[in-house]
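Reviewing the structure listed below.
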Amino acid sequence: MDRKFGWTTLGIIGFIFAPLGAFFIALGVLLFAVKAGTDPEDPMVFLCVFGGMGLIFCLIGLSFLGVDLRRRNAMKRALDGGDYVMAKIVGTQPKLNVNMNGSHPFVAECHWTNPDTGETHVFFSRYLYFDPTGLFTSDEVPVYIDRMNEKTFFVDIDAVLPKVVVHR
């Protein structure tokens, strides 16, 4: 089964900013190449303004994409490592800071207490674009943890959900 790691808002913003920045860079270079403008220094102004803004947008977009891709790769590494704990699903909650087609995605909140240290760890699943309350096939979910970095984890929420088809 293919696991879904989900995209965060940073990744989505990166998908928008990087191509937008590349477009402005290309536009600045094109206006410079065709010697646009009436004054001799106009092509350089176009290159600096469009190219500079494009470079800023492109670098921000690529940075955001890099951060989200690194997060996704770390989650895949945790899943591939195979070390998991069974965390108790304590509830679901909407992410009110994210709006998708007029609705908010949900996340499942899971708790696991480390028997060695007594610390309770709280994990959140990827975004689910439906309310999963009442659909879970188990009250516990496998959470894959990277043993080299406990901050890297993957909540395998699909393991405790039936196949869901959302109709809009």
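Model, not experiment: these values are computed from the prediction.
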Are [X] and [Y] joined in one hydrophobic group, where the rule is that I, L, V, M, F, W and Y side chains link up if heavy atoms are under 4.5 Å apart?
X: Leu30; Y: Val45; value: no
X: Leu128; Y: Val166; value: yes
X: Ile13; Y: Phe24; value: yes
X: Ile12; Y: Met100; value: no
X: Ile16; Y: Phe23; value: yes

Point-to-point distance, once rounded to the nearest 0.5 Å, from [atom1] of [X] to [atom2] of [Y]:
X: His121; Y: Cys110; atom1: NE2; atom2: SG; value: 13.5 Å
X: Phe123; Y: His111; atom1: CZ; atom2: NE2; value: 10.0 Å
X: Phe124; Y: Phe106; atom1: CZ; atom2: CZ; value: 14.0 Å
X: Tyr127; Y: Thr9; atom1: OH; atom2: OG1; value: 5.5 Å
X: Leu69; Y: Lys76; atom1: CG; atom2: NZ; value: 13.5 Å
X: Arg77; Y: Asp146; atom1: CZ; atom2: CG; value: 5.0 Å

Is there a side-chain contact between [X] and [Y] in this structure, where contact means two heavy atoms from C-beta onward sitting under 4.5 Å apart?
X: Asn101; Y: Tyr129; value: no
X: Phe57; Y: Leu62; value: no
X: Met53; Y: Leu27; value: no
X: Asp83; Y: Ile145; value: no
X: Phe136; Y: Val141; value: no
X: Leu47; Y: Met44; value: yes
X: Arg126; Y: Val155; value: no
X: Phe50; Y: Leu31; value: yes

Worksheet item: Just by modelled atom types, is the Leu10 backbone N or O under 3.5 Å from a matching donor or acceptor in the Asp68 side chain?
Response: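 No, the answer is negative, given that no donor and acceptor are paired below the 3.5 Å cut-off.
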Discussion item. So does Val107 get a backbone contact from the side chain of Thr92, meaning a donor-acceptor N/O pair under 3.5 Å?
Written reply: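 No, because the side chain of Thr92 does not come within donor-acceptor range (under 3.5 Å) of the backbone of Val107.
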Considering all heavy atoms of both residues, which atom of [X] and which atom of [Y] are nearest to each other, and what is their separation?
X: Trp7; Y: Arg71; value: CA-NH2, 3.9 Å
X: Met75; Y: Phe154; value: CE-CD1, 3.3 Å
X: Val160; Y: Ser138; value: CG1-CB, 4.0 Å
X: Ala108; Y: Ile157; value: CB-CD1, 3.7 Å
X: Ile25; Y: Gly54; value: CG1-C, 3.5 Å
X: Thr137; Y: Ala159; value: OG1-O, 4.2 Å

Worksheet item: Counting only heavy atoms not in Tyr144, do more than 12 sit closer than 6.0 Å to its OH atom?
Response: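 Yes, the 6.0 Å shell around OH holds more than 12 heavy atoms from other groups.
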Discussion item. Other residues, nucleotides and ligands only: do more than 12 of their heavy atoms fall within 6.0 Å of CZ on Phe130?
Written reply: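 It does: Phe130 CZ has more than 12 such atoms within range.
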Worksheet item: Given His104, which of Val98, Asp131, Asn97, Leu96 fulfils the side chain to side chain contact (heavy atoms under 4.5 Å, CB included) condition?
Response: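 Among Val98, Asp131, Asn97, Leu96, the one that satisfies the side chain to side chain contact (heavy atoms under 4.5 Å, CB included) with His104 is Leu96.
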Discussion item. Check for me whether the distance between the ring centres of Phe32 and Phe46 falls short of 6.0 Å.
Written reply: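 No, too far apart.
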